[in-house]
Protein chains: 2
Amino acid sequence: MTDSRLDAVKLDGAGPVYDQIRRAIRDLVVSGSWPPGTSVPPEHALMEQLGASRMTVHRALVQLAREGLITRRRRSGTIVASPPASHAMFDILSIPEEVRGLGQDYAYKVLSRSDGRPAPDVAERFGIKRWEKVAHLVVLHRADGKPHVLEERIIHAAGAPGLEDEDFAVTPPGDWLLEHSLWSQAEHAISAVGAGAAEAALLEITEGEPCLLVERRTWNQSQPVTAVRLLHPGSRHRFVGRFGPYGRV
Amino acid sequence: MTDSRLDAVKLDGAGPVYDQIRRAIRDLVVSGSWPPGTSVPPEHALMEQLGASRMTVHRALVQLAREGLITRRRRSGTIVASPPASHAMFDILSIPEEVRGLGQDYAYKVLSRSDGRPAPDVAERFGIKRWEKVAHLVVLHRADGKPHVLEERIIHAAGAPGLEDEDFAVTPPGDWLLEHSLWSQAEHAISAVGAGAAEAALLEITEGEPCLLVERRTWNQSQPVTAVRLLHPGSRHRFVGRFGPYGRV
DNA sequence: AAGTGGTCTAGACCACTCC
DNA sequence: GAGTGGTCTAGACCACTTA
């Protein structure tokens, strides 16, 4: 029903009108009320509903489009966009896609999983409380049969509905989360570490070999969703990016 | 003279007017014709000069401001901005500022410098031609007296006027370049490596200790400016960034 | 007090594309 | 053909800041 969507757009009277419109629609998108694919009311409808001129409505929508939240096409109108799958340099990256992008066979194995309260060392490593309900997973990703990345992950039960019923038999946890959870913030850290004995054995490298450690935590509206540590043997990984002084090129 | 600046803004007739205006001014900024601090003609002057409405001129200027090329203030007008000193996660970073930002004493020493054609191994490492005129430098940066980062850099003579006369006695080469050259593009790569014997000795770590290797190359309008390899002992460095699915938070 | 940018309107014409 | 967004105008009033 178009009316219900129109009625959902509420201005709060704070700041410029175009920004009120932008924030109102943004909130509907990031909260999940308007999932990807939802059609956004056309400019003239918003204009009448909100009592603003078309230029003002247009300005809000253009900005949302520039931010990537919506997609606009003449005649067919405006729809809520799918969140970008990959992101900048430290992206929410699909390892299967990365490997296949290199033209290699992809395979993975869940080496361990435990649900419930985290063990003390796990809670410590991920900086979470011992009483939080999480799943703790260790996954080895392979490219052309060779160990590629070692993934250790916790998933917060509260942030990932359906977690209990998923066994990650056909989709690795990272990709499953991309489809089954929302996130609004992510933090990444990258550092160099030597592989520990157990890690080296799994990755089939020698202990102490330099690896890139990418740590990522994501939240949805301050609800933690997941935290992951990805260990990449250094000789096999580089992260590359291109910039200009005023932005990405 | 305001007139000369106004006259410098030339539209090319390609695409929307607001974008022609945006590109015209952008080109004046990134080419260096309008250095940082230059005042940009006010909207009404551009409007008359270009025969566009104020909204159209405004749209171009707003976009340039959002891109960070200009700074706008009511009453005082619009001026060309200084290029951002630091950049995203893989920034054109001032090591002195980074160290001092951590509350530590900063010091550096130029361990070696040679000007002219690069040695074969240097040309190989940086992917440059043997006949290019460059300066090759090795610099050790210290924080509170302890080795912090090992920097190996080449600077292209053609891209850095004044290079011959600079001895880097008071300013390390990275910071000197920030003030004495323009750049329009940069490429970064990050990987994990083990410290070599010579590097380990200089950094006072053990050979093979994992280090983050940040490699950066910059160009100004396809003229190479500099290329640098920064070796950070892994235990002391992390790069951290925060994102939302639709952009930096 | 005056110059500057920030916002907004009411309307117009055009370009694209689906029906 | 008609619905949608893309662009543009001519004007207005306001907010901020400096002189």
Report task. Indicate, with a heavy-atom threshold strictly under 4.0 Å, whether B/Gly15 touches base, sugar-phosphate, or nothing. Result -> nothing
Query raised in the report: Rounded to the nearest Å, what distance is computed from the CD1 atom of residue A/Ile70 to the C1' atom of nucleotide D/dT4?
Result: 13 Å
Requested in this report: Applying salt bridge (Lys or Arg N to Asp or Glu O under 4.0 Å), name anything that partners B/Arg153, two or more places apart in sequence or on another chain.
Outcome: B/Glu151
Query raised in the report: Looking only at side chains, do A/Arg216 and A/Thr226 share a donor and an acceptor under 3.5 Å apart?
Result: no
Report task. Please list, chain by chain and in numerical order, all residues satisfying side chain to side chain donor-acceptor pair (under 3.5 Å) with B/Gln63, sequence neighbours excluded. Result -> none
**Report entry** B/Asp19 CG to D/dT7 C1', straight-line distance once rounded to whole Å
**Finding:** 12 Å
Query - Summary of protein contacts for nucleotides 13-19 of chain D, nucleotide by nucleotide, where a base hit scores B, a sugar-phosphate-only hit scores S (4.0 Å, heavy atoms) - result: --BBBBS
Requested in this report: Find the distance A/Met55:CE to D/dA12:C1' and express it as a whole number of Å.
Outcome: 14 Å
Query raised in the report: Quick one: is D/dC8 close enough that its OP1 or OP2 comes under 4.0 Å of any side-chain N or O from B/Tyr18?
Result: no
Report task. Identify, residue by residue, the members of residues 57-66 of chain B with a heavy atom below 4.0 Å from DNA chain C, and return them in order of residue number, or none. Result -> B/His58
Requested in this report: Would you kindly give the CG-to-P distance between A/Leu46 and C/dT9, to the nearest whole Å?
Outcome: 13 Å
Query - Distance in angstrom units between B/Glu48 CD and D/dA10 C1', rounded - result: 13 Å
Query raised in the report: Can you list the residues that meet the side-chain contact (heavy atoms from CB on, under 4.5 Å) rule with A/Asp105, with sequence neighbours excluded?
Result: A/Asp144
Query raised in the report: Got a salt bridge between B/Arg72 and B/Glu43, using NZ or NE/NH1/NH2 to carboxylate O under 4.0 Å?
Result: yes
Report summary line: With sequence neighbours left out, the residues meeting side-chain contact (heavy atoms from CB on, under 4.5 Å) with B/Asp12 are B/Ala14, B/Gln20, B/Arg23
Requested in this report: Using salt bridge (Lys or Arg N to Asp or Glu O under 4.0 Å) as the criterion, list what pairs up with A/Arg100, not counting sequence neighbours.
Outcome: none
Query raised in the report: Does A/Pro35 have any side-chain contact (heavy atoms from CB on, under 4.5 Å) partners at least two apart in sequence or in another chain, and if so, which?
Result: A/Thr38
Query - Shortest side-chain distance from B/Glu43, nucleotide among C/dT7, D/dC8, C/dG5 - result: C/dG5
Query raised in the report: When you check the phosphate oxygens OP1 and OP2 of C/dT4, does a side-chain N or O of B/His44 lie under 4.0 Å from one of them?
Result: yes
Requested in this report: Please identify each residue that fulfils side-chain contact (heavy atoms from CB on, under 4.5 Å) with B/Pro172, with sequence neighbours left out.
Outcome: B/Pro96, B/Tyr106, B/Tyr108, B/His141, B/Asp175
